[in-house]
K.L.:
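I am attaching a structure below and will ask some questions about it afterwards.
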Amino acid sequence: MIFSEEIKGLITQAIYQLYNVSIETSQILIEPTKKEFEGDVTFVVFPYLKISKKSPVETAKQIGEIVVQSSGLISSFQAVAGFLNLSINNKVYVDAFLNPALKTSSIKPNPVLVEYSSPNTNKPLHLGHIRNILLGFSLSRILAADGNNIKKVNIVNDRGVHICKSMLAWQLFGNNETPESTGIKGDHLVGKYYVVFDAKYREQVTEMEARGISKDVAEKQAPLMLQVQEMLRKWETGDEAVLSLWQTMNGWVYDGFDITYSKLGVDFDEIYYESNTYLLGKEIVAAGLNKGVFFKKEDGSVWVDLTDEGLDLKLLQRSDGTSVYITQDLGTAKLRFDAYNFDKMIYVVGNEQDYHFKVLRLVFKKLGYPFWDKLYHMSYNMVDLPSGKMKSREGTVVDADDLIAQTIANAETLTRSMGKLDVYDDAHAQQLYHTIGMGALKYYILKVDPEKRMLFNPAESIDINGNTGPFIQYAYARIKSILRKAGNDETVKNLIHLKLDVSQIKPEEKEKELLKAVLQFDETVHEAATKLAPSLVAAYAFETAKLYNQFYHDHVVIDLEKTTTTAFRLQLSAKVASCLANALFLLGIEVPERM
RNA sequence: GGUCCUAUAGCUCAACAGGAUAGAGCAACAGUUUUCUAAACUGUAGGUUCUAGGUUCGAUUCCUAGUGGGACUGCCA
């Protein structure tokens, strides 16, 4: 809340003055006044009745009177039951708007790393990845806006059995197909062979079962499974032919991913590859063994005992000496800390890995690494479809590229039916459809609290009315339209930069609320950064857009009869536009100049 | 079995360290354009916040126990 520190200070003083009791300013709790009551800030006095030894209303009144007298900040108060509602002097808002304090924003030196996306290279990205990517990208922007030095990192799971499955299927059944020869996007082509593998493998298993072989044995002994394992072994020993195929096919996938990332408007500062990092972490495991923090079983496997932390025994290295998933993460974390000396390492990863990241932290803690508590798991929940869970086996996975294309196509249909855009040539129009379509999609996903499982309804995701991205974009475009109109008139034009004095402005109700919204921006960003919650920025943008639409409906901005009012409203509108654009920017959403 | 997440209007979501009569949007119904973009605005209706206890001035929020949904608990990643 704006001025919250000042107000808390005033209340602390009042309590001291009245009851001779000192309270820490930080202990004072204030909140925004509910809109059905008069006032801006509410102080709940119930907890202080023991000190005041008066009724709730009496206490509220006493404190209210002192607060109003002692500062120009508060213009009046209302005591309703135990609630002290304070009205902030309108002039204070106006002054804060007209004469903004210079931001002393300094960037913290140690970087914050945000890891997101983390794809496998055996199939294209899907809706689940989109939630991950949008959250990660938005979070990086929010944290950057809050004064952090951000490094966006991606770790690509580019090796392993799953990759070999696509490779083998392509080798056996691919007829040398390439993205060029087929016109299929690289990641989709590789994904196609992953599916082919599964189909052929199932055939083999079924056929073996028909010959009386048990399912278990068939699944392990099917020729394709044996071939895949052989291929993986060859990969690990550096077999040239396998490595070459691997590089080629991964190359196709990266070309495909790049297109998807680009359409989503996201990027990375550094990309790590699991093929480079999967061997890391072994020294960490060895060091842990030496220290006696880990232990070795008779078969040679290495474990850590986390039962004292409420978890279980956890495997860190296989009996044959090879790494498991977490070993790699141990190594990568240390690698990154050595490279960046990060202040925070934020992993944007689905909540199915909550346990994994708990273990990761605790292992470092037990080892005494200084950065164990700088590791954060930004956990997000799954995305469901109206038909239920997404299941790749049942083909109900929503493909990222399809979704993006549909969203944009829908934006085009709707925009054309509005018929407002004759001024745009084709290229501009296409860009606008992209802006609006992606605005709808991104907002739809980011407005939901990451912790919550969310339902993805394709029909609603492309909505443009109500609590949606395009609604906010529309408010922005309307303001730009006003500003264009103002810019075309010589006398009005100058009003945009006219220096106004506090005493000239008496804001109307909606104007006051817009002032509050504008002044609230930085704090919203800070809160979103602290809580790792893009949804707060989304809510802010929606509220502000809604307020502006109401204001727009009730008032005329450009009125040649009233230059002061026009100047103020133009300046306020411009500021609202920039707040909306900035808020959407933090969500990775672009704004249109008209729509 | 154990651990964790989750449950709010018909639907999708809010509700900031516990605060006033639990709010938005969609869908439904009824209105508002000679005016800067109606992709907008206004109104009506819609709730025992999963259940039962507890903590206190006050609980959607915290605690306990259930129930529904989900995840994890692999020498998979």
Side-chain angles (χ1 to χ4, degrees), chain A residues 1 29 31-37 42 44 46-47 49-50 56 80-83 85 118 120 157 159-162 274 278 297 299-303 310-320 322-326 328-329 350-356 358 379 381-382 384 386 389 414-415 417-418 420 436 444 447-449 451-457 459-461 463-468 470-471 473-475 477-486 492 523-524 527 531 533 535-536 538-539 542-543 545-546 548-559 569-570 573 594-595:
Chain A
M1 238 176 318
L29 299 180
E31 57 201 281
T33 301
K34 298 249 171 196
K35 65 178 172 218
E36 56 265 39
F37 296 95
T42 294
V44 182
F46 288 113
L49 300 183
K50 281 177 194 146
V80 184
F83 300 90
N85 298 330
S118 320
N120 289 336
N157 300 304
R159 47 141 251 130
V161 185
H162 50 297
E274 196 198 335
Y278 81 109
K297 286 193 181 174
D299 61 6
S301 56
V302 180
W303 298 74
L311 305 180
D312 292 321
L313 300 182
K314 180 80 190 169
L315 177 86
L316 299 176
Q317 199 172 88
R318 297 192 185 97
S319 50
D320 62 5
T322 56
S323 315
V324 289
Y325 179 57
I326 196 161
Q328 179 243 130
D329 254 343
N351 71 346
E352 70 272 17
Q353 293 194 34
D354 285 356
Y355 187 81
H356 171 79
K358 271 185 197 164
S379 172
N381 216 319
M382 319 227 127
D384 280 328
K389 281 190 72 171
L414 286 166
T415 303
S417 71
M418 298 286 177
K420 291 187 197 172
I436 295 172
Y444 182 80
K447 74 175 177 183
V448 180
D449 179 354
E451 289 262 314
K452 299 272 183 73
R453 202 178 172 96
M454 73 171 284
L455 183 91
F456 186 89
N457 185 329
E460 283 176 12
S461 72
D463 264 356
I464 54 168
N465 299 321
N467 189 356
T468 66
F471 174 93
Q473 291 173 321
Y474 180 68
R478 279 175 135 186
I479 298 175
K480 295 308 271 193
S481 175
I482 295 175
L483 296 177
R484 270 196 300 277
K485 184 186 173 192
V492 178
E523 194 182 308
T524 302
E527 195 186 350
K531 295 183 175 170
S535 59
L536 295 178
F542 176 60
E543 279 307 314
K546 197 162 58 164
Y548 192 84
N549 280 337
Q550 291 166 347
F551 160 78
Y552 182 94
H553 180 265
D554 293 350
H555 304 288
V556 174
V557 174
I558 298 173
D559 183 345
R569 287 182 177 166
L570 280 174
S573 297
R594 49 182 105 218
M595 69 185 276

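First the proteins, then the strands, lettered A, B, ... as listed; each starts at 1.
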K.L.:
Between atom OH in A:Y325 and atom C1' in B:U73, what is the gap in whole Å?
P.N.:
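It is 16 Å, rounded to the nearest whole Å.
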K.L.:
Describe the nucleic acid contact of A:E274 in one word from base, sugar-phosphate, nothing, applying a heavy-atom distance below 4.0 Å.
P.N.:
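A:E274: backbone/sugar contact only, no base atoms under 4.0 Å.
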K.L.:
Using the closest heavy atom to pick a nucleotide of RNA chain B for each, name whichever of A:I482 or A:T42 lands nearer the 5' end.
P.N.:
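Checking each residue's closest nucleotide, the 5'-ward one belongs to A:T42.
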K.L.:
Work out how far the P atom of B:G47 is from that of B:G23, and round it to whole angstrom.
P.N.:
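13 Å, rounded to whole Å.
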K.L.:
Looking at every strand, decide which applies to A:P32 at a 4.0 Å heavy-atom threshold: base, sugar-phosphate, or nothing.
P.N.:
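Result for A:P32 = base.
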K.L.:
Determine the minimum heavy-atom distance between A:A477 and A:R594, stating which atoms define it.
P.N.:
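Closest approach of A:A477 to A:R594, heavy atoms only: CB-CA, 3.9 Å.
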K.L.:
Within the 4.0 Å heavy-atom criterion, would you say A:K314 contacts the bases, only the backbone, or no part of the nucleic acid?
P.N.:
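The answer is nothing, as A:K314 stays clear of every strand by at least 4.0 Å.
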K.L.:
When the distance from CG of A:N351 to P of B:C5 is rounded to whole Å, what number comes out?
P.N.:
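So the two atoms are 10 Å apart, to the nearest Å.
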K.L.:
If I pick the P atom on B:U44 and the same atom on B:A22, what distance separates them, to the nearest angstrom?
P.N.:
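Rounded to whole Å, the distance is 16 Å.
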K.L.:
As a test of reading the structure: which of B:A71, B:U37, B:A24 is closest to the side chain of A:K546, going by heavy atoms?
P.N.:
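Closest of the options to the side chain of A:K546: B:A24.
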K.L.:
Can you name the nearest heavy-atom pair linking A:M595 to A:P470, along with the distance?
P.N.:
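So the minimum-distance heavy-atom pair works out to CE-O, 3.7 Å.
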K.L.:
Base, sugar-phosphate or nothing for A:S573? Non-hydrogen atoms, less than 4.0 Å.
P.N.:
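A:S573: no heavy atom of the nucleic acid under 4.0 Å.
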K.L.:
Without decimals, in angstroms, what is the distance between A:R484 CZ and B:U37 C1'?
P.N.:
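Rounded to whole Å, this separation is 9 Å.
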K.L.:
Using the P atom as the reference point in each nucleotide, state the distance between B:C26 and B:U67 in Å, no decimals.
P.N.:
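Straight-line distance between the two P atoms is 39 Å.
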K.L.:
Please classify the nucleic acid contact of A:V448 as base, sugar-phosphate, or nothing, using heavy-atom distances under 4.0 Å.
P.N.:
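The residue A:V448 makes sugar-phosphate contact but no base contact.
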K.L.:
May I have the distance from A:K485 (atom NZ) to B:U37 (atom P), rounded to whole angstrom?
P.N.:
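Taking NZ of A:K485 and P of B:U37, I get 7 Å after rounding.
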K.L.:
How far does the C1' atom of B:A9 sit from the matching atom of B:A27, given to the nearest Å?
P.N.:
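Between the two C1' atoms, the distance is 12 Å.
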K.L.:
Hey, does the Lys NZ or Arg CZ of A:R478 hover above the aromatic six-ring of A:Y552, less than 6.0 Å from the centre and inside 45° of the axis?
P.N.:
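That pair qualifies as a cation-pi contact.
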K.L.:
Less than 5.5 Å between centroids and less than 30° between ring planes, does A:F46 satisfy that with B:G19?
P.N.:
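It does: the two rings, one from A:F46 and one from B:G19, meet the stacking criterion.
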K.L.:
Could you tell me the separation between the CG atom of A:N120 and the P atom of B:A77, rounded to a whole number of Å?
P.N.:
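Atom-to-atom, A:N120 to B:A77, this comes out as 11 Å.
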K.L.:
More 5' along RNA chain B: A:K34 or A:L536, using each one's nearest nucleotide?
P.N.:
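The 5'-side residue here is A:L536.
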K.L.:
Pick the C1' atom in B:G68 and in B:A77, then give their distance to the nearest Å.
P.N.:
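About 30 Å, rounded to a whole number of Å.
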K.L.:
If you measure from the ring centre of A:F37 to the centre of the six-membered ring in the base of B:A20, is it under 5.5 Å, with the planes under 30° apart?
P.N.:
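Stacking is present between B:A20 and A:F37, given that their ring centres fall under 5.5 Å apart and the planes under 30°.
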K.L.:
Just checking A:T415: base, sugar-phosphate only, or nothing, at a heavy-atom cut-off of under 4.0 Å?
P.N.:
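Contact class for A:T415: base.
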K.L.:
Separation of A:N465 atom CG from B:A24 atom P, in whole Å?
P.N.:
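Checked: the CG to P distance equals 18 Å.
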K.L.:
Would you call A:F83 stacked on B:A20, i.e. ring centres under 5.5 Å apart with the planes less than 30° off parallel?
P.N.:
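The base of B:A20 is stacked with A:F83 (centres under 5.5 Å, planes under 30°).
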K.L.:
Per the atom types in the model, does the base of B:A39 pair as donor or acceptor with the side chain of A:T468 at under 3.5 Å?
P.N.:
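Flag unset: no donor-acceptor pair detected.
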K.L.:
Within the side chain of A:N85, is there an N or O that forms a donor-acceptor pair under 3.5 Å with the backbone of A:T42?
P.N.:
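No.
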K.L.:
Whole angstroms only, please: what is the CG-C1' distance between A:N157 and B:C76?
P.N.:
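From A:N157 CG to B:C76 C1': 12 Å.
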K.L.:
Side chain of A:Q550: nearest nucleotide among B:C41, B:A39, B:C36?
P.N.:
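It is B:C41.
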K.L.:
Could you verify whether a donor N or O on one side chain and an acceptor N or O on the other, from A:N157 and A:H162, lie under 3.5 Å apart?
P.N.:
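Result is no, nothing qualifies.
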K.L.:
Using the P atom as the point on both nucleotides, what is the distance between B:C63 and B:A7, in whole Å?
P.N.:
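It works out to 13 Å between them.
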K.L.:
Base, sugar-phosphate, or nothing for A:L455, non-hydrogen atoms under 4.0 angstrom?
P.N.:
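The residue A:L455 makes sugar-phosphate contact but no base contact.
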K.L.:
First locate atom CZ of A:F471, then atom CG of A:D463, and finally report the distance between them rounded to the nearest 0.5 Å.
P.N.:
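Going from CZ on A:F471 over to CG on A:D463, the span is 13.0 Å.
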K.L.:
So what does A:Q317 touch, heavy atoms closer than 4.0 Å: a base, only the sugar-phosphate, or nothing?
P.N.:
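It contacts nothing in the nucleic acid.
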K.L.:
Can you tell me, in whole Å, how much space there is between the C1' of B:U55 and that of B:C13?
P.N.:
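Those two atoms are separated by 30 Å.
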K.L.:
Rounding to an integer number of Å, can you tell me how far A:N381 CG sits from B:U12 P?
P.N.:
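Taking atom P of B:U12 as the reference, CG of A:N381 is at 15 Å.
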K.L.:
Look at the side chain of A:N85 against the base of B:A20 and say whether a donor-acceptor pair falls under 3.5 Å; ignore hydrogens and angles.
P.N.:
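Answer yes: a donor N or O sits under 3.5 Å from an acceptor.
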K.L.:
Please walk me through it: do A:R453 and A:N351 pass side-chain hydrogen bond (donor to acceptor under 3.5 Å, both in side chains)?
P.N.:
CA-CA 10 Å; A:R453 202 178 172 96; A:N351 71 346; over 6 Å; no
K.L.:
Considering every strand and a 4.0 Å limit on heavy-atom distances, what is the contact class for A:D449: base, sugar-phosphate, or nothing?
P.N.:
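Answer is sugar-phosphate: A:D449 comes under 4.0 Å of backbone atoms only.
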K.L.:
When rounded to the nearest Å, what value does the distance between C1' atoms of B:C62 and B:G19 take?
P.N.:
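That atom pair is separated by 14 Å.
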